[in-house]
Colleague: 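Let me begin by handing over the structure; questions about it come next.
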2 protein chains.
Amino acid sequence: MKSDTTLKSIAKELGVSVSTISRALNNKSVVNEKTREKVVELAKKYGYVPNEIARSLQKCSSHTIAVVLPDISEVFFGKIVKQISAVVSAHGYTLLLADTGENKEQERKHLQSLYQHRVDALVLASVDDEEKHAKSFADNSIPVIYIDNVPEGTDLSAVTVDNFSAGKLGFNRLYDAGHRSIATIMGLQNEISASLRLKGFLSGAEEVNLPINPDLIKIGDYKRQSGYDAMCELLDNRDKSPFTAVYVASEKMTYGAKKAINERGLKVPEDISILGFDVHNDDYGGSQNITSIKQPEEQIGKKVGELLIDALVNKINASSQKILLSPLVEEGDTVSDLN
Amino acid sequence: MKSDTTLKSIAKELGVSVSTISRALNNKSVVNEKTREKVVELAKKYGYVPNEIARSLQKCSSHTIAVVLPDISEVFFGKIVKQISAVVSAHGYTLLLADTGENKEQERKHLQSLYQHRVDALVLASVDDEEKHAKSFADNSIPVIYIDNVPEGTDLSAVTVDNFSAGKLGFNRLYDAGHRSIATIMGLQNEISASLRLKGFLSGAEEVNLPINPDLIKIGDYKRQSGYDAMCELLDNRDKSPFTAVYVASEKMTYGAKKAINERGLKVPEDISILGFDVHNDDYGGSQNITSIKQPEEQIGKKVGELLIDALVNKINASSQKILLSPLVEEGDTVSDLN
DNA sequence: TTTGTCCTTGCAAACGTTTGCATTTTTCTA
DNA sequence: TAGAAAAATGCAAACGTTTGCAAGGACAAA
């Protein structure tokens, strides 16, 4: 590969015009077969690699898709990115990745920079309460797809797990197993996804006319420590507010909660049942698989990729698609059946 | 933000030349202060965003860094990417990410495509046994930095944990705790990093004149299942080839091995001590923290970022830097002290 | 007033492509 | 063999910047 070989240099060597070289290499329009052969041969000899930047400028398309995430080291996002990459790279697109560190300001900076790079599309897991920065991509007809945290009432497209259903499914899984005193540890309620999960959970309870003791609802920040702390509070209050099961709404909080239970010498699921959220048992070191409500990351990533290809390659401009994927129950050994 | 506002359109509106607009906005060369103000004001009014593609073409620099990995959903890589992103984005660089799925052909395709995008640098965790594809970046004076798996005797730069030391450190940790029959589960020996770890392990044993029973050396493929399988074999042979501790050379195999032990009703560390590798206890759900040899991901990523900035921004062209970072022991509760 | 200096601005080329249109060459038909 | 149709090629503009060089104007010193 040589980056200093250009259409021009090949043209000069061959004594033909640049246009001919371009056409020969892109085998689009008609070029004399003998000419083409000579061109191709020479291009190979010199290791010609087209300059995508020049191409982008000319075509007004960078063949590039921005992916903006709060934390790429989270397995959840990693798996999604992996799928998106697989789908779009098959169509010649490359990912521009930005990690915002869950910081609103960083997110805005990255968006600005990516806009400057004239990305063809944007996939965004936002931590920003304002939508306008993402919106301005769409205003310039750059497709935007939200994942994970979808602003309420947005016009933009989105692919996520159905968080309301996930909350309800969690409640039902425990209720169906005979649990009637159910605690929960949910995420920060200023995030849409978290608040939907709680709503779903409560709605499940309401449907079966089971009152939920407010003392059994704890809020954490998704980190392991907060799951641990919340669980400790629940356990401390167990005399006053007893419970037989807990639904923990994030992977790391689930681990923290389990740790708190084990530390007190209680057994899972004999003493307390745990239903986790999005636990990656495959990657996980426990001897016991945790029953959990799973987000279908592979599906999310794949769907995002497909929407992107639809928009960019097939030029289908379905404005504002809202894809809600169903959560699943992944069975493990941490929920006991009281029936 | 508007992408259809260009230097030209602002120039026309203001009745001055494009050059002046460019200079005013880049506040490089001298421009009349009043002119600059007018330009800046108009640029803001129209939401002008420079076209990075045009800029790249002109400057022969895309402000873009390629990161090519076998599996972005691995926490190890995720953490590295996060750090690299943090360092380089502060200097205006953006990451182009490619996930090869541990597939040599995919890796080559991605490299080709990234080369085409004229990235300014390449960070590569390779699964390719041939070095030439990466080499051709360097041949065109594009800095290349290997991470994780560094080809033996390469001319290119590299930042990794010192795998030999990691192997030795693992042995010593167990030996110092009084263990004398030490098993190990290592990675596939065609990968340099894995073979170095084994060499380090054996070298540690040799230094203290402790013979290692070859039956106690197992090879896995880094996945959880293979750790489980290898451990089962070790346990099945325990009568013939007894051992009190095992050093498992990857995170997921560590989990698998622990599971195998627990399933047989054996206790860690009372019956068997486990020393893991690169276990992320923070993210991990076990009630017991696993003692392990840690790769300093944050350091790796940070160092890679710094080398990139040195090369790209500070124009220090130190050819072929080999950075070996020291592994650490992260103490947990899975190695018993026999002294 | 002249000369020279400095400040500000414009011109035009360059970066490497693609592509509509015009032009040349070839091939075919009558 | 002329003429037309078809095929192959070239020309030049365009994409949106940056930047070396030159030119213009203002102003001060002589």
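In what follows, every chain begins at residue 1, and chains take the letters A, B, ... in the order their sequences are listed.
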Colleague: Whole-Å distance between C:dT18 C1' and A:His63 NE2?
Modeller: 13 Å
Colleague: When the distance from CD1 of B:Ile53 to C1' of C:dA14 is rounded to whole Å, what number comes out?
Modeller: 18 Å
Colleague: Answer with base, sugar-phosphate or nothing: what part of the nucleic acid does B:Thr35 contact at a heavy-atom distance below 4.0 Å?
Modeller: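 The residue B:Thr35 makes sugar-phosphate contact but no base contact.
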Colleague: Could you tell me whether the phosphate oxygens of C:dT18, OP1 or OP2, come under 4.0 Å of any side-chain nitrogen or oxygen in A:Arg23?
Modeller: no
Colleague: Looking at B:Glu105 and B:Lys109, is any side-chain nitrogen of the basic one under 4.0 Å from a carboxylate oxygen of the acidic one?
Modeller: no
Colleague: Tell me whether the side-chain N/O atoms of B:Asn26 come closer than 4.0 Å to OP1 or OP2 in D:dT18.
Modeller: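 It does, given that an N or O in the side chain of B:Asn26 lies less than 4.0 Å from OP1 or OP2 of D:dT18.
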Colleague: At less than 4.0 Å, is any side-chain N or O atom of A:Arg55 found next to OP1 or OP2 of C:dT18? Yes or no.
Modeller: yes
Colleague: Contact between B:Arg55 and B:Pro50 at the side-chain level, heavy atoms closer than 4.5 Å - yes or no?
Modeller: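 Yes - at least one pair of side-chain heavy atoms lies under 4.5 Å apart.
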Colleague: Heavy atoms under 4.0 Å, any strand shown: does B:Val18 hit a base, just sugar-phosphate, or nothing?
Modeller: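 Counting heavy atoms under 4.0 Å across all strands, the contact made by B:Val18 includes a base.
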Colleague: Quick one: do A:Glu130 and A:Arg108 make a salt bridge, cutoff under 4.0 Å?
Modeller: yes
Colleague: Between the base of D:dC15 and the side chain of B:Thr6, is one N or O donor paired with an acceptor at under 3.5 angstrom?
Modeller: no
Colleague: Once you round it to whole Å, what is the distance between P of C:dG10 and CD1 of B:Ile21?
Modeller: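 My rounded result for the distance is 8 Å.
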Colleague: Quick one: B:Asn51 CG to D:dC15 P, roughly how many Å, whole number?
Modeller: 11 Å
Colleague: Could you tell me whether the phosphate oxygens of D:dC11, OP1 or OP2, come under 4.0 Å of any side-chain nitrogen or oxygen in A:Ser17?
Modeller: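 False: A:Ser17 side-chain N/O out of range (4.0 Å or more) of D:dC11 OP1/OP2.
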Colleague: Can you say whether a donor on the side chain of A:Ser19 sits under 3.5 Å from an acceptor on the base of D:dC11, or the other way round?
Modeller: yes
Colleague: What integer distance in Å separates A:His117:NE2 from D:dC15:C1'?
Modeller: 17 Å
Colleague: What integer distance in Å separates A:Lys8:NZ from D:dG10:P?
Modeller: 16 Å
Colleague: Salt bridge or not for B:Arg36 and B:Glu33, using N-O below 4.0 Å?
Modeller: yes
Colleague: If you find the nucleotide of DNA chain C closest to B:Leu57 and the one closest to B:Val16, which residue's nucleotide is nearer the 5' end?
Modeller: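 Whichever sits nearer the 5' end wins; that is B:Val16.
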Colleague: Whole Å only: how far is the CG atom of A:Asn32 from the P atom of D:dG10?
Modeller: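 To the nearest whole Å, that distance equals 11 Å.
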Colleague: Could you tell me how far apart B:Ile10 (CD1) and C:dG10 (P) are, to the nearest whole angstrom?
Modeller: 14 Å
Colleague: When you check the phosphate oxygens OP1 and OP2 of C:dG10, does a side-chain N or O of B:Thr20 lie under 4.0 Å from one of them?
Modeller: yes
Colleague: Relative to the 5' end of DNA chain D, which residue comes earlier, B:Gln58 or A:Cys60, by the nucleotide with the nearest heavy atom?
Modeller: A:Cys60
Colleague: Would you say A:Ser17 and A:Thr20 are linked by a side-chain donor-acceptor pair, where the criterion is simply a distance under 3.5 Å?
Modeller: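 There is such a pair between these side chains.
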